[in-house]
There are 2 protein chains.
Amino acid sequence: MLTMRSTRSRGAEPEDLTTRARIRDAAVLRFGREGFGTSLRVIAADAGVSAGLVIHHFGTKEKLRQACDTHILEEIKHAKYENLVESTGGRFLEYFATAEQFAPIFAYVLRSLQHGGPLARSFVDHMVDDAVEYMADGVAAGVIVPSRDERARARYLVLSSLGSGLLSITLDPPEDPSDLAALMRRHFDAITLPALEMYTEGVLTTRRMLDEYLSYVGDPPAAREERTAG
Amino acid sequence: MLTMRSTRSRGAEPEDLTTRARIRDAAVLRFGREGFGTSLRVIAADAGVSAGLVIHHFGTKEKLRQACDTHILEEIKHAKYENLVESTGGRFLEYFATAEQFAPIFAYVLRSLQHGGPLARSFVDHMVDDAVEYMADGVAAGVIVPSRDERARARYLVLSSLGSGLLSITLDPPEDPSDLAALMRRHFDAITLPALEMYTEGVLTTRRMLDEYLSYVGDPPAAREERTAG
DNA sequence: CAGCATTCTATACACGCGTTCAGCGCTGGC
DNA sequence: GCCAGCGCTGAACGCGTGTATAGAATGCTG
C-alpha cells in the first residue's frame, strides 16, 4: 500500500525518479526559495538537464508551474492523510510550517500565497474547510464558543493566521532558505501569547460594538451599499 | 516665472509637478497596480517622457523605487497629521484602505508588503507604534482588556489585520485596480462579524491553554527576552 | 540487424529588459 | 557673439529570458 517514495530533502540524489519528476522537484525547490521569477535555465541546471528538455517535457514555463501546483496539492493531501489529522488538531499550520520534512512544500505554498493563483486559493479553501470542521468539534465539545457565522469565523482565522505568518516572513526573509522553519517557529513564539490571550480573554471589555453591529445588520439599510456579485 | 536652479534639497519637495515628480508619481501608480516588475519604458510612457530620462533623473530603477518609497512615507505621515489621528481611532487601516483619496498610496503599500523591503518594514513598525498607543488609550479608558505584553499584542493585531487583508486581495485580485477600495471594503465586511465576536467573546471557553502556556514560559513581561528593536 | 520513437543537448531566434550615449533645443551668463 | 549647462530624445548595447528546431544519443520493437 504505502509504496510511495517520499521526495527526500536535498542530499541524496534522486536517481530513481524519472527525469520529468526530477525537473518538477527542482522547480518546486527553486520556486519556493526564490519565487516564480526563477529562470528555466537555473531549474534545468539544478535538475542536471538542458533548458530545452524542460520545455520538451512541460511545454511551457506556465505549464511547469501548473504541474508543480498539482503535485504540491497531492503532497499536501497525502501528508494530511499520513499523520496530521489524528494528532495536531487545530494546529495544523504550526506543525506543517515547522516540520522539517515539509519545508519545500511549505516554502512553495508560501510563495503561492504571496503571488496568488489557483493553488493559493485552493490551499486556503481547504484550510478553511478543515478549520470549520475543527471548530465544530470544539464547539460540540464545549471548549470553543459558537459563532453566529461559523464559516466566516473559520475563514477569518485562517486568513489571519496565514496572512500574519506570510507577512512576518516577507518582512524579514531568511538568508538561508532552510531557516524557514526556524523563522516560522520564531513567529509562532512571538504571537502565541497575544493569540492565546485574545482567544480566552478577548480584547474588548464591553459588548457595545458587537451589539451595535448586530443591530445594524439586523436592520440592514441595504440600499446604501450595493452588494454585487455576492 | 521659470524654475530657478533646481534645488536638490531633500525633505522639502516642491509641490508643483516637475518632470521628476511626474515620473515618480507614474512609477508609484504602476508599481502599485502591477508590482515592481513594471518596466521603465511603461512608466516613462505614462509620464510622457522617454525611458532614458527616467534613468537620467533617478540613475537606476532601484533608486527610482527608493524615491517612491520615501515619497510614500512622507505622504503617509502627511495624511496622518492631516485628518486621521483625530477621528478614526483604531480603525486607521480601514479608513486608509477604503478612502478613495489614498487609493494609489494604499496600493503601493500593499505591493510593498507583498514584496518586502524597507518601506514595508517601516510601515508595519509605524502601525505597531500607533496600535500600541491606541490600545494603551483603550486600556486606560477601560474599554480594552490589558495584555501581559502590550507591544506583542499590538504587533500581533497589526500583522493579522494587514496580513489577512493582503492575503484576501492576493487571492482575489481586482481586475480594475481602481476597485481596490471596493475589494477592501468587501474584505472588511466579511471579517467584521467574526472579528467583533472574537474581540468581545473570545474563542475559547476555558482558560486552560492560556494558563498552561503561562506556567510553561513563566512570567513573560518584556524583560525576559530582549528583542532587538532595530 | 534495421527501423523507429523517445529522450536529451546544443544552438539559435526573437524579444524585452535596464542602461548608455551622442546629440538636440533651449536658456542664462560672460 | 559664444560657451556651458540642463532637460530631454532616440537609437543602440549587452544581457537574459522563454521558446523553437535540428540533430545526436539511447533504447525498444520488429
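Any value given below was found using the heavy atoms of this structure, including those in side chains, with hydrogens, waters and symmetry copies removed. Naming convention: chains lettered A, B, ... in sequence-line order (proteins, then strands); numbering from 1 in each chain.
Residues meeting the side chain to side chain contact (heavy atoms under 4.5 Å, CB included) test with B:Ala99, sequence neighbours left out: B:Tyr95, B:Gln101, B:Phe102. Residues meeting the side chain to side chain contact (heavy atoms under 4.5 Å, CB included) test with A:Ala27, sequence neighbours left out: A:Phe31, A:Ile43, A:Leu64, A:Cys68. In this view, B:Ala120 and A:Leu171, B:Ser112, B:Leu113 satisfy the side chain to side chain contact (heavy atoms under 4.5 Å, CB included) rule, not counting sequence neighbours.
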Mind listing the side-chain donor-acceptor pairs of residues 158-167 of chain A below 3.5 Å, one per line with the distance, residues two or more places apart or on another chain?
{"unit_1": "A:Ser160", "atom_1": "OG", "unit_2": "A:Tyr156", "atom_2": "O", "d": "2.9"}
{"unit_1": "A:Ser161", "atom_1": "OG", "unit_2": "A:Leu157", "atom_2": "O", "d": "2.8"}
{"unit_1": "A:Ser164", "atom_1": "OG", "unit_2": "A:Ser160", "atom_2": "O", "d": "3.0"}
{"unit_1": "A:Ser164", "atom_1": "OG", "unit_2": "A:Ser161", "atom_2": "O", "d": "3.1"}

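If you take CZ of A:Arg65 and P of D:dG18, they are 14 Å apart, rounded to a whole angstrom. We find that NZ of A:Lys63 is positioned 12 Å from C1' of D:dT19, with the value rounded to whole Å.
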Practice problem: Going 5' to 3' through nucleotides 8-25 of chain C, assign each nucleotide B (protein heavy atom under 4.0 Å from a base atom), S (under 4.0 Å only from sugar-phosphate atoms) or - (no protein heavy atom that close). | Solution: BB--B----BBBB-----
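For the ring-ring contact (aromatic ring centres under 6.0 Å, His included) condition, the pairs that include at least one residue of residues 103-127 of chain A, sequence neighbours left out, are A:Phe36-A:Tyr108, A:Phe36-A:His115, A:Phe96-A:Phe106.
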